[in-house]
Amino acid sequence: MDQKKILIADDNENIREALTYLLEDEGYKLALARDGADALKKVREFLPDILFLDIMMPEMNGYEVCRAIKNDPKLRNTYVIMLTAKGQVAEQERGKEVGADEYIVKPFSPMEILSKIKNILDK
């Protein structure tokens with residue numbers, strides 16, 4: 001079976017480390033990005049099955065990254081999960097408008113993350 005690939009794009013090192021620890025344990029192949037421009041570059045190179053995408057990042061914000069991915073025929077099937085402290089309904093609606101598949105508000109539960117990944121990859 002192919003090893004599933006997950007990209008974590010967040011400018012917060014603690015979030016990247018926590019998700020890395022959680023997901024490496026589950027056997028996923030990971031890539032990390034610390035800003036929006038790097039995230040977009042890594043999506044193009046790594047072609048992840050799932051992208052965890054923070055909204056507030058340097059270079060490009062998560063909305064811009066998501067829009068660019070969903071507008072690219074080669075990348076548009078990337079499953080994008082906005083993972084952000086911005087939990088307002090307006091922000092969640094904006095995330096959906098730019099093509100986010102899901103929206104998780106920080107702080108998140110590790111079990112919620114693992115459950116979502118399993119549900120997505122089992123489809």
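In what follows, residues are counted from 1 in the order of the sequence shown.
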>> Please report the interatomic distance CG(Asn12) to CG(Leu83), rounded to the nearest 0.5 Å.
In response: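 If I round to the nearest 0.5 Å, the distance is 10.0 Å.
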
> With hydrophobic residues grouped by side-chain heavy-atom distances under 4.5 Å, do Val80 and Val43 end up in a single group?
Replying inline: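 Val80 clusters together with Val43.
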
> Going hydrophobic residue to hydrophobic residue with side-chain gaps under 4.5 angstrom, can you get from Ile69 over to Tyr79?
Replying inline: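 No.
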
Would you say [X] and [Y] make side-chain contact, with heavy atoms under 4.5 Å?
X      : Y      : result
Ile104 : Met82  : no
Ile120 : Ile81  : yes
Leu23  : Ile117 : yes

> With sequence neighbours excluded, what pairs up with Lys96 under the side chain to side chain donor-acceptor pair (under 3.5 Å) test?
Replying inline: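 Partners of Lys96 by the side chain to side chain donor-acceptor pair (under 3.5 Å) criterion come out as none, since no residue qualifies.
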
Using atom types as modelled, flag every donor-acceptor pair under 3.5 Å from a side chain in residues 108-116 to any protein atom, sequence neighbours excluded.
residue, atom, partner, partner atom, Å
Ser109, OG, Met111, N, 3.2
Ser109, OG, Glu112, N, 3.1
Lys116, NZ, Glu102, OE1, 2.9

>> I'd like to know if the side chain of Arg16 reaches the main chain of Asp10, judged simply by a donor and an acceptor atom lying under 3.5 Å from each other, with no hydrogens or angles considered.
In response: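 Side chain of Arg16 to backbone of Asp10: a pair is present.
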
>> Strictly distance-based, threshold 3.5 Å: is any side-chain N or O of Glu91 a donor or acceptor partner for the main-chain N or O of Gln88?
In response: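 Confirmed, Glu91 side chain pairs with Gln88 backbone.
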
Which pairs of donor and acceptor atoms, one on a side chain in residues 45-62, lie under 3.5 Å apart (sequence neighbours left out)?
residue, atom, partner, partner atom, Å
Glu45, OE2, Lys41, NZ, 3.3
Asp49, OD2, Lys5, N, 2.7
Asp54, OD1, Lys106, NZ, 3.4
Asn61, OD1, Tyr63, N, 2.9
Asn61, OD1, Glu64, N, 2.9

> Can you list the residues that meet the side chain to side chain contact (heavy atoms under 4.5 Å, CB included) rule with Asn71, with sequence neighbours excluded?
Replying inline: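 Asn71 satisfies side chain to side chain contact (heavy atoms under 4.5 Å, CB included) with Arg67 only.
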
>> Run the salt bridge (Lys or Arg N to Asp or Glu O under 4.0 Å) test against Asp101 and tell me which residues pass, sequence neighbours left out.
In response: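 Applying salt bridge (Lys or Arg N to Asp or Glu O under 4.0 Å) to Asp101 gives Lys70.
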
> Which heavy-atom pair separates Gly99 from Cys66 by the least distance, and what is that distance?
Replying inline: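 Scanning both residues, the minimum pair turns out to be C-SG, 3.7 Å.
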
Validation: residues 25-37 side-chain donor-acceptor distances under 3.5 Å, sequence neighbours left out:
residue, atom, partner, partner atom, Å
Glu26, OE1, Lys118, NZ, 3.1
Asp35, OD1, Ala37, N, 3.1
Asp35, OD1, Asp38, N, 2.8

